[in-house]
There are 2 protein chains.
Amino acid sequence: MTSPLSDRKKQILRAVVINYIKTAEPVGSRTVARSYRMGLSSATIRNEMADLEDLDYLDQPHTSAGRIPSQLGYRYYVDNLMDIDNLSADDEMAISSSLSSEKMREIEQIIINSARVLSSATNQTSLIMGPQFRKSAFRQLRILPLDDKRSLVVLITDTGFIKNKVIDMQQQLSQAELHQVVSYLNQKLYGLTIDQVTTSLINELKRDLFKRLEILEQAFILLEESLKEEKQIRVFLGGTTNILNQPEFKDVDKIRRMLNLFEQEPLLFKILEDTSSEDNIVVRIGAENEFEAIRECTLITGTYKIHDKTLGTVGVLGPIRMDYSRVICVLRRLVDYLNQRLSS
Amino acid sequence: MTSPLSDRKKQILRAVVINYIKTAEPVGSRTVARSYRMGLSSATIRNEMADLEDLDYLDQPHTSAGRIPSQLGYRYYVDNLMDIDNLSADDEMAISSSLSSEKMREIEQIIINSARVLSSATNQTSLIMGPQFRKSAFRQLRILPLDDKRSLVVLITDTGFIKNKVIDMQQQLSQAELHQVVSYLNQKLYGLTIDQVTTSLINELKRDLFKRLEILEQAFILLEESLKEEKQIRVFLGGTTNILNQPEFKDVDKIRRMLNLFEQEPLLFKILEDTSSEDNIVVRIGAENEFEAIRECTLITGTYKIHDKTLGTVGVLGPIRMDYSRVICVLRRLVDYLNQRLSS
DNA sequence: TTTAGCACTCTAAAGCTTAGAGTGCTAAAG
DNA sequence: CTTTAGCACTCTAAGCTTTAGAGTGCTAAA
């Protein structure tokens with residue numbers, strides 16, 4: 001479409017973006033001329049900057065202020081100008097030491113801790129979708145009698161989820177009968193993902209079994225509820241207060257809107273899910289976001305897998321002015337970690 | 001100590017408190033004289049108010065402003081002047097309908113929903129401590145082999161907690177042996193509260209059993225971890241953004257401090273636990289709070305029980321200027337609900 | 001003891017001034 | 001044709017001043 005930018009323009013755009021990310025102040029021509037010694041006077045830079053403004057890569061808050069990157073400018077920077085260094089040794093140390101803390105056995109613990117690490121390493125708010133139970137494959141169903149009336153139904157998936165539920169049995173069931181039913185179910189369901197266990201399949205099985213036993217209604221309820229409940233998977237947040245450190249959120253009203261958003265788990269889930277189809281790191285800048293609520297933010301997400309199955313999304317949410325290069329680094333690092341950690 | 005207040009002073013103090021709670025503006029003598037027709041001129045009220053200020057029941061933000069209640073004033077109001085009406089029919093309706101939502105099977109669901117109801121009914125932030133696992137009594141331990149290497153250990157308490165954990169078995173164990181060990185443990189532990197299952201007791205049992213089987217190490221790890229992990233019980237929050245609606249929190253720095261507090265679960269737990277010894281509703285106004293972090297707030301708490309055992313604390317946290325009467329009402333209602341709901 | 005009247009005080013909001021940063025334009029230099 | 005120096009101009013944020021309004025405390029009279 002538009003002609004490609006000259007190298008000089010690229011350099012200048014890059015300088016403006018980097019500077020603005022660091023200082024949050026509009027960047028003037030003098031600043032660019034001085035700090036990135038490129039042998040040009042501020043007047044020349046000024047002309048170039050005026051061009052960049054015409055091309056919509058830069059904005060001017062008011063006539064006599066410096067320039068700030070437009071959303072298009074950020075996009076251009078992310079796509080063409082940014083270099084992604086590796087993490088500094090210090091960062092790497094800090095991150096891996098926080099990640100390797102002892103008591104991280106439970107999946108939930110791992111996720112929560114990851115959220116914390118991610119937010120503190122980026123100084124932004126982090127969102128992590130818990131592993132999607134529904135994409136896991138059915139492994140085993142067990143029924144464990146507790147006393148006369150009650151039993152514990154346990155559902156286990158290939159990705160290590162364990163769901164359980166105490167159910168009431170109206171009639172007692174002999175060990176043998178129970179065993180029969182349970183192994184029938186296991187046989188029928190083995191290997192299916194939870195997604196595939198539809199209500200209609202359940203009904204079919206139910207019909208099959210009802211001929212012989214009316215009693216397992218409750219066990220089916222567990223299955224059905226698992227399906228319903230898990231439609232909204234938990235989203236874990238880290239560093240929600242970090243947005244308060246960003247100068248773009250010094251307005252109480254904006255803060256309220258963001259915090260309100262953070263309280264709406266289903267919406268957060270949708271926001272994360274929305275990006276989860278893609279393969280690698282995805283950067284959504286401002287209006288590129290589908291959801292109105294985060295149109296003033298940038299969302300950077302990655303997906304993590306267990307045994308090569310995409311199970312969830314990890315993201316960083318912050319103002320459009322954020323340190324893209326750093327966030328992407330950290331996010332990559334974390335996704336690697338999760339992939340490795342959850343597969344064991 | 002000080003001589004009791006005259007009826008007239010009480011009336012005036014009450015009027016100031018009520019008015020200030022409603023408007024968040026300092027209350028002037030004219031306002032009191034007019035809105036609470038007590039046949040006195042503003043000048044008279046003015047004199048009385050000056051007296052109340054001398055007695056430390058009222059404060060004056062600056063020379064020519066109205067008066068606001070001091071912390072002592074609020075305390076006097078709560079102890080002597082406040083009348084606690086019942087909930088209005090509307091409120092009652094709203095609360096019971098939110099509470100009776102369908103899918104509240106899990107304890108956690110009940111707690112989370114309660115937090116939501118409490119915060120929206122009071123327009124404050126609500127805190128609810130999850131039921132204290134440690135005060136529950138041991139009921140049953142089960143071990144459920146999954147495959148060659150792994151088993152599921154399930155721990156059940158009298159208050160309906162179910163903890164489980166997949167463990168690795170280095171050696172295989174015959175059904176009979178397993179059964180033997182498990183029933184030994186159940187016999188030894190039945191009826192003890194989790195608190196009573198100390199590490200030393202576990203070690204003792206371990207010694208007993210090690211003579212026969214080296215294998216259950218992992219099962220003990222579950223027990224031990226349960227003890228450790230649960231030291232910090234979850235605290236559920238509702239309406240954290242409500243503080244943003246309070247005019248006393250329009251300062252970003254204060255907001256940051258509060259939100260930071262909300263992210264520190266262990267501290268929240270301590271704050272709630274601190275009040276849990278007492279019987280009924282407890283009101284802590286400002287500096288009456290033990291914890292520095294909430295010295296600018298009022299915390300109103302109640303405790304809920306399962307089968308007459310105190311299991312957790314429910315609280316409302318907000319600015320010192322809050323609608324005490326209303327909050328106390330709603331809190332009472334909610335504690336009743338929880339007591340009833342969790343005992344079934 | 002209560003009240004009217006009045007001078008006084010204090011704040012918050014609105015208006016005004018100013019310093020500083022940065023621009024855009026023009027004309028000269030390379 | 002491109003780059004640069006110079007300069008007038010613009011805009012904001014911060015500080016200062018002014019003012020209206022609310023409320024007080026005191027005094028003297030009822």
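Naming: A, B, ... by sequence-line order, numbering from 1 per chain. Here the structure is a predicted model, which is why all the values come from computation and not from measurement.
- The interatomic distance linking A/Glu25 (CD) with D/dT12 (P) rounds to 15 Å, in whole Å.
- Residue A/Met49 contributes atom CE, which lies 16 Å from atom P of C/dA21 at whole-angstrom precision.
- A sub-4.0 Å separation between OP1 or OP2 of C/dG24 and a side-chain N or O of A/Arg67 is present.
- Contact between the side-chain N/O atoms of A/Thr44 and the OP1/OP2 oxygens of D/dT4 is found at a separation under 4.0 Å.
- Taking every side-chain heavy atom of A/Leu40 into account, D/dT4 is the closest of D/dT4, C/dG24, C/dG22.
- The interatomic distance linking A/Glu48 (CD) with D/dC1 (P) rounds to 17 Å, in whole Å.
- For A/Ile68 and C/dT23, the CD1 to P distance is 13 Å, given to the nearest whole Å.
- Applying the 4.0 Å criterion to OP1 and OP2 of D/dT2, one finds that A/Arg46 has every side-chain N and O outside that range.
- Between B/Tyr74 and B/Tyr324, the distance separating the two ring centers is shorter than 6.0 angstrom.
- Atom CD1 in A/Ile45 sits about 10 Å away from atom P in C/dT23, given to the nearest Å.
- Nucleotide C/dA21 holds its P atom 9 Å from the CZ atom of A/Arg30, rounded to whole Å.
- For B/Arg8, counting side-chain heavy atoms from C-beta on, the closest listed nucleotide (C/dT11, C/dT2, D/dT4) is C/dT2.
- Under 3.5 Å, the side chains of B/Thr240 and A/Glu263 contain a donor-acceptor pair of N or O atoms.
- The base of C/dT9 sits with one of its N or O atoms less than 3.5 Å from a complementary donor or acceptor on the side chain of B/Ser64.
- With a 3.5 Å ceiling on both atom-pair distances, the Watson-Crick or G-U wobble partner of D/dA28 is C/dT3.
- Put simply, CG on A/Asn47 is 11 Å from P on D/dT2, counting in whole angstrom units.
- Residue contacts shown for B/Ser42 are absent, as no nucleic acid heavy atom lies under 4.0 Å away.
- Residue A/Ser29 places at least one side-chain N or O closer than 4.0 Å to OP1 or OP2 of C/dT23.
- In this structure, C/dA13 and D/dT18 make a Watson-Crick or G-U wobble pair, each of the two defining distances being under 3.5 angstrom.
- A salt bridge between A/Asp85 and A/Arg326 is absent, with no side-chain N of the basic residue lying under 4.0 Å from a carboxylate O of the acidic one.
- With 3.5 Å as the limit, one finds a donor-acceptor pair spanning the side chains of A/Arg256 and B/Asn245.
- Considering only side-chain N and O atoms, A/Thr63 lies nowhere under 4.0 angstrom from the phosphate OP1 or OP2 of C/dT23.
- Ion pairing between a basic and an acidic side chain is recognised when a charged N comes within 4.0 Å of a carboxylate O; B/Arg295 and B/Glu292 show such pairing.
- Nucleotide C/dT18 has D/dA13 as its partner under the Watson-Crick or G-U criteria, with both atom distances under 3.5 Å.
- Distance CD (B/Gln60) to C1' (C/dC10): 10 Å, rounded to an integer number of Å.
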